[in-house]
Amino acid sequence: MGMWDSMLGSYMIKRMAIERRRANISIKPQDFKFELNEYDYDDDEYDEKDELRDVTLSKTSPEEQEGHHHKHKRGCWDTFMFLYNYPLFVVRDFTMPAFEEEQWSFWKTLPTPACGLLFLAHSFGAPFDNMYFWIAYGSVSLIFTLIIAVTGRKKNLIPAAGGIFAVFTLIVSILWIDLGVSIFLDFLSLV
């Protein structure tokens with residue numbers, strides 16, 4: 001039952017975070033506590049819907065939250081990994097749009113058409129010295145950027161266009177993996 005409790009708790013926090021984000025209210029996991037309600041069920045009358053009634057979600061008091069507000073100190077390894085991963089995350093955010101509602105960010109998605117299409121063109125060997133390529137690239141990326149700018153400014157685009165973002169992210173992530181593997185193989189051939 002412990003695994004189901006943690007899965008249900010994380011599911012409830014995610015659902016509440018989505019609802020709070022829609023209302024522009026920030027929520028932190030330490031603001032809430034979960035209490036497991038004990039019920040005696042027969043096996044034939046217990047179903048999955050009863051799991052939601054088994055957990056009580058309540059707001060924690062300020063006294064209970066005091067233990068959570070300690071300063072986080074980064075170790076040497078954590079600092080190194082942060083500095084190593086940060087540029088990779090920036091490149092990822094510029095070339096691959098988020099396709100989950102919790103990760104939606106208008107400002108991270110806005111440069112995606114320009115950067116992602118440029119990376120696609122590079123991966124497929126586009127002729128960068130051709131003027132017609134730049135005209136086609138500029139017009140296509142401008143159209144997609146304007147669509148995102150006009151429709152995504154006030155609302156989350158993931159419910160309406162999540163599939164398109166997921167397919168684009170899948171293609172770009174496959175190409176990033178291919179690029180990383182080819183660089184790694186080139187490095188190995190030098191050794």
Side-chain angles (χ1 to χ4, degrees), residues 10 13-14 16-30 68-130 133-191:
S10 64
I13 285 178
K14 286 179 184 176
M16 290 181 65
I18 291 170
E19 296 301 321
R20 298 289 181 182
R21 189 172 294 134
R22 288 181 184 155
N24 290 329
I25 300 171
S26 64
I27 182 173
K28 299 179 195 112
Q30 64 263 23
H68 295 285
H69 293 292
H70 61 281
K71 285 195 167 194
H72 177 69
K73 292 184 179 180
R74 280 195 186 147
C76 184
W77 180 253
D78 292 335
T79 304
F80 171 75
M81 288 308 293
F82 173 77
L83 294 174
Y84 173 75
N85 285 330
Y86 186 75
L88 299 175
F89 291 156
V90 169
V91 170
R92 179 198 62 193
D93 290 340
F94 280 178
T95 57
M96 294 188 290
F99 58 91
E100 294 177 349
E101 285 188 53
E102 298 89 23
Q103 296 177 345
W104 169 257
S105 170
F106 173 74
W107 295 108
K108 286 182 180 178
T109 307
L110 197 58
T112 300
C115 298
L117 289 175
L118 192 61
F119 178 69
L120 283 173
H122 173 271
S123 297
F124 290 118
F128 289 115
D129 56 348
N130 190 341
F133 163 76
W134 289 107
I135 292 172
Y137 161 75
S139 60
V140 170
S141 64
L142 183 66
I143 289 170
F144 283 121
T145 303
L146 288 175
I147 289 172
I148 290 173
V150 170
T151 58
R153 189 149 181 81
K154 302 283 186 201
K155 65 176 184 170
N156 188 338
L157 292 179
I158 301 299
I164 296 169
F165 288 146
V167 169
F168 187 76
T169 300
L170 176 69
I171 293 169
V172 172
S173 64
I174 289 171
L175 294 173
W176 271 117
I177 292 170
D178 179 58
L179 180 67
V181 167
S182 64
I183 289 172
F184 182 68
L185 289 175
D186 288 344
F187 176 73
L188 286 179
S189 67
L190 291 175
V191 175

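Heavy-atom basis, side chains included; hydrogens, waters and symmetry copies ignored.
Within 6.0 Å of CZ on Phe144 lie no more than 12 heavy atoms contributed by other residues, nucleotides or ligands. The local environment of CZ in Phe94 is sparse, with at most 12 non-hydrogen atoms from other residues, nucleotides or ligands closer than 6.0 Å. Surrounding CG of Leu142 are more than 12 heavy atoms belonging to other residues, nucleotides or ligands, all under 6.0 Å away.
Residues passing the ring pair (Phe, Tyr, Trp, His ring centres under 6.0 Å) test with Tyr86 are Phe82, sequence neighbours excluded.
To the nearest 0.5 Å, atom CG of residue Leu157 and atom CD1 of residue Ile148 are 7.0 Å apart. Interatomic distance, OG of Ser123 versus CG of Leu118, reported as 9.5 Å (0.5 Å rounding). In this structure, the separation between CG on Asp178 and OG on Ser173 is 11.5 Å, given to the nearest 0.5 Å. Atom CH2 of Trp134 sits about 12.5 Å away from atom OG of Ser139, to the nearest 0.5 Å. Note that CG of Asp78 and CG of Leu83 are 11.0 Å apart. Values are rounded to the nearest 0.5 Å. Atoms CD1 and OG1, from Ile158 and Thr109 in turn, are 6.5 Å apart once rounded to the nearest 0.5 Å.
When every heavy atom of Ala114 is checked against every heavy atom of Ser141, the shortest pair comes out as CA-CB, 3.8 Å. For the residue pair Met96 and Val172, the shortest heavy atom distance occurs at CG-CG1, 3.4 Å. The two residues Lys108 and Thr112 have their closest heavy-atom pair at O-OG1, 3.2 Å. Across all non-hydrogen atoms, the minimal contact from Phe168 to Pro97 is CD2-CD, 3.5 Å.
Using a 4.5 Å heavy-atom cutoff, the side chains of Leu179 and Leu175 are not in contact. Between Phe187 and Ile183, every side-chain heavy-atom pair lies at or beyond the 4.5 Å cut-off.
Applying the side chain to side chain contact (heavy atoms under 4.5 Å, CB included) test between Phe133 and each of Asn130, Asp129, Ile135 identifies Asn130 as the sole match.
Of the possible donor and acceptor atoms, none in the side chain of Thr95 sits under 3.5 Å from a partner among the backbone N and O of Cys115.
By the 30° and 60° cut-offs, the orientation of the rings of His122 relative to Phe119 is parallel.
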